[in-house]
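Reviewing the structure listed below.
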Amino acid sequence: MREGHEGTGPGAITPDGCAVELYERLPAGDAPDIIAAAVPAGAHILELGSGVGRMTHPLLERGFTVTAVDESADMLARVRGARTVCAPIEELDLGGERFDVVMLASCLVHAGDEEVRRGLLRTCARHVAKGGWVLIQREGEDYHTNVPRERVDPSGFTIRIASVEPVGDGVNSVRAEYTFPDAAWTQTFLARPLTKEAFESALAEAGLEVDAYLTPDRTWVRAVSKP
């Protein structure tokens, strides 16, 4: 288990506190449509942090080729139709392979450990093809302040951000709770809030820059390698 991370509930729990069975149940929402509208049809996508394939499978259905990367073999065992690579994202080096699109979703860019975040973004920069794009999902601006909050999904489960507690050095410990009619899970993880300016500075450090904010709330970003 990564330091500061914990998960509870049925089934296998990954090093960052994610429950495999939970993520098999969670819907992809509108993310696959946002991604499909932002990149060329049929692009080869390197999906960093694919988990069980929550977005992998909808992207495959839309005609993309996907290489799915995750540090959890239990998660990757649920992925179908894509090449899979089991490795920590921040350490990934696919020996010179380059991809039309590199995707870092699930707000992983907000990793509490700055060295991990730097490693994640370096991995993105190292694997994107010349003229390609890096797609990054950010936290909403009130993610750490509008707490507690909850949302009832139309399919009948409840997601609750129960608490956000400072632990020092600009990092917060976040506790999320997921309640289904037949099961419940929690995940506690470390996250570092990033202003728009801090986020763009982190990109620049990795040799990347914003090409476009893809959603009005700026949670989805398309970045490119700096010239």
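Scope of the values below: all heavy atoms of this structure, side chains included, with no hydrogens, waters or symmetry mates.
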- Message: If the threshold is 4.0 Å, N to carboxylate O, is there a salt bridge linking Glu200 and Lys196?
- Response: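 Yes, charged N to carboxylate O under 4.0 Å.
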- Item | Salt-bridge criterion met for Asp182 and Arg25 (N-O under 4.0 Å) |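 Between Arg25 and Asp182 there is a salt bridge, with a charged N closer than 4.0 Å to a carboxylate O.
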Honestly curious: do [X] and [Y] fall in one hydrophobic cluster under the side-chain, below-4.5 Å linking rule?
X: Leu48; Y: Val221; result: yes
X: Leu203; Y: Val128; result: yes
X: Met103; Y: Leu208; result: no
X: Phe99; Y: Leu76; result: no
X: Ile136; Y: Leu194; result: yes

Determine whether [X] and [Y] make a side-chain contact, defined as any pair of heavy atoms from C-beta on separated by less than 4.5 Å.
X: Arg78; Y: Tyr23; value: no
X: Val52; Y: Val20; value: yes
X: Ser106; Y: Arg54; value: yes
X: Ser50; Y: Met75; value: no
X: Thr65; Y: Ile45; value: no

Is [X] reaching over with its side chain to a backbone N or O of [Y], donor-acceptor style, under 3.5 angstrom?
X: Thr195; Y: Ala198; result: yes
X: Asp93; Y: Gly95; result: yes
X: Asp70; Y: Gly51; result: yes
X: His110; Y: Arg192; result: yes
X: Glu150; Y: Ala162; result: no
X: Trp220; Y: Ile34; result: no
X: Arg160; Y: Tyr178; result: no
X: Thr123; Y: Gly119; result: yes
X: Arg122; Y: Glu91; result: no
X: Arg126; Y: Leu92; result: yes

Distance-only donor-acceptor check, side chains [X] and [Y], under 3.5 Å:
X: Glu97; Y: His127; answer: no
X: Ser155; Y: Asp153; answer: yes
X: His44; Y: Thr67; answer: yes
X: Glu47; Y: Thr56; answer: yes
X: Asn172; Y: His144; answer: yes

When rounded to the nearest 0.5 angstrom, what is the spacing between [atom1] in [X] and [atom2] in [Y]?
X: Lys130; Y: Ser225; atom1: NZ; atom2: OG; result: 10.5 Å
X: Ser173; Y: Glu6; atom1: OG; atom2: CD; result: 9.0 Å
X: Arg175; Y: Ser163; atom1: CZ; atom2: OG; result: 6.5 Å
X: His5; Y: Thr14; atom1: NE2; atom2: OG1; result: 9.5 Å

- Task: Using the salt bridge (charged side-chain N to carboxylate O under 4.0 Å, His left out) rule, take Arg62 and Asp33 through it: C-alpha gap first, then chi angles, then the decisive distance, then the call.
- Result: CA-CA 9 Å; Arg62 286 162 173 76; Asp33 292 330; 2.8 Å; yes
Of all the heavy-atom pairs spanning [X] and [Y], show the shortest one and how long it is.
X: Arg2; Y: Pro88; answer: NH2-CB, 4.3 Å
X: Ala28; Y: Met55; answer: CB-CG, 4.2 Å
X: Val116; Y: Ala111; answer: CG1-CB, 4.0 Å
X: Leu108; Y: Leu120; answer: O-CD1, 3.3 Å
X: Val69; Y: Ala87; answer: CG1-O, 3.9 Å
X: Cys18; Y: Gln187; answer: SG-NE2, 3.3 Å

- Query: Does the side chain to side chain contact (heavy atoms under 4.5 Å, CB included) test come out yes or no for Leu104 and Val134, once each step is laid out?
  - Reply: CA-CA 8 Å; Leu104 185 70; Val134 177; 5.5 Å; no
- Message: With side-chain hydrogen bond (donor to acceptor under 3.5 Å, both in side chains) as the criterion, how do Thr8 and Thr186 come out once you've worked through the C-alpha distance, each side chain's angles and the decisive distance to 0.1 Å?
- Response: CA-CA 5 Å; Thr8 68; Thr186 72; 2.6 Å; yes
- Heavy-atom count around Glu141 CD within 6.0 Å, excluding the residue itself: above 12?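 Not more than 12 within 6.0 Å, no.
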- Task: Before giving the answer on salt bridge (charged side-chain N to carboxylate O under 4.0 Å, His left out), spell out for Arg117 and Glu115 the whole-Å C-alpha distance, their side-chain angles and the decisive distance to 0.1 Å.
- Result: CA-CA 5 Å; Arg117 185 196 68 216; Glu115 282 306 310; over 6 Å; no
- Item | Derivation of the side chain to side chain contact (heavy atoms under 4.5 Å, CB included) call for Tyr213 and Thr219 | CA-CA 8 Å; Tyr213 286 95; Thr219 56; over 6 Å; no
- Query: Trp133 and Val224: side chain to side chain contact (heavy atoms under 4.5 Å, CB included), yes or no, with the steps?
  - Reply: CA-CA 5 Å; Trp133 288 280; Val224 295; 3.7 Å; yes
- With Phe157 as reference, evaluate Thr179, Leu22, Leu26 under the side-chain contact (heavy atoms from CB on, under 4.5 Å) test and give the passing residue.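 Result: among Thr179, Leu22, Leu26, Leu26 is the only option passing the side-chain contact (heavy atoms from CB on, under 4.5 Å) with Phe157.
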- Think Arg138 forms a cation-pi with Tyr143, using NZ or CZ under 6.0 Å from the six-ring centre and within 45 degrees of its axis?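 Not satisfied by the 6.0 Å and 45° rule.
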- Task: Starting from the C-alpha separation in whole Å, work towards a yes-or-no answer on side chain to side chain contact (heavy atoms under 4.5 Å, CB included) for Thr188 and Val174.
- Result: CA-CA 5 Å; Thr188 301; Val174 181; over 6 Å; no
